[in-house]
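These numbers come from a predicted model, not from an experiment. Residue numbers start at 1 and run along the sequence shown.
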Amino acid sequence: MKIRKIIGMLLMVFGIFFGIFVGGWLLLIEPIISVCKAFDTGTLTATILGITLLKCVFASPVGTLIFLLFSWIAMKVDGFC
């Protein structure tokens, strides 16, 4: 019974870090850095700017969804649901 709680806690922690990584880094910070690099080199286009804007808009919902998915799985493993 105790191993299920440990696995559930590890899934919850992994969900937090994976949600922050995908939502925070891959969809928010990295696209902003690439737009800044494109602006500095003079290759910034409306397509790059539009895709970056969409990534920034969806960063928080995607990160939250990933966290909720992992927490739901953790609760199923732990036996809460």
Under 3.5 Å donor-acceptor pairs involving side-chain atoms of residues 14-38, not counting sequence neighbours:
{"unit_1": "S34", "atom_1": "OG", "unit_2": "P31", "atom_2": "O", "d": "2.8"}

Legend entry - Where M12 and S71 come nearest, the two heavy atoms and their spacing: SD-CB, 3.4 Å

For residues 45-66, please give each side-chain donor-acceptor pair under 3.5 Å, one per line with the distance, not counting sequence neighbours.
{"unit_1": "T45", "atom_1": "OG1", "unit_2": "I48", "atom_2": "N", "d": "3.3"}
{"unit_1": "T52", "atom_1": "OG1", "unit_2": "I48", "atom_2": "O", "d": "2.8"}
{"unit_1": "T64", "atom_1": "OG1", "unit_2": "S60", "atom_2": "O", "d": "2.8"}

Inset, instruction - Check K76 against R4 and note the closest heavy-atom contact, atom names and distance. - result: O-NH2, 3.9 Å

Legend entry - Set of residues satisfying side-chain contact (heavy atoms from CB on, under 4.5 Å) with respect to I7, sequence neighbours excluded: I3, L11, V77

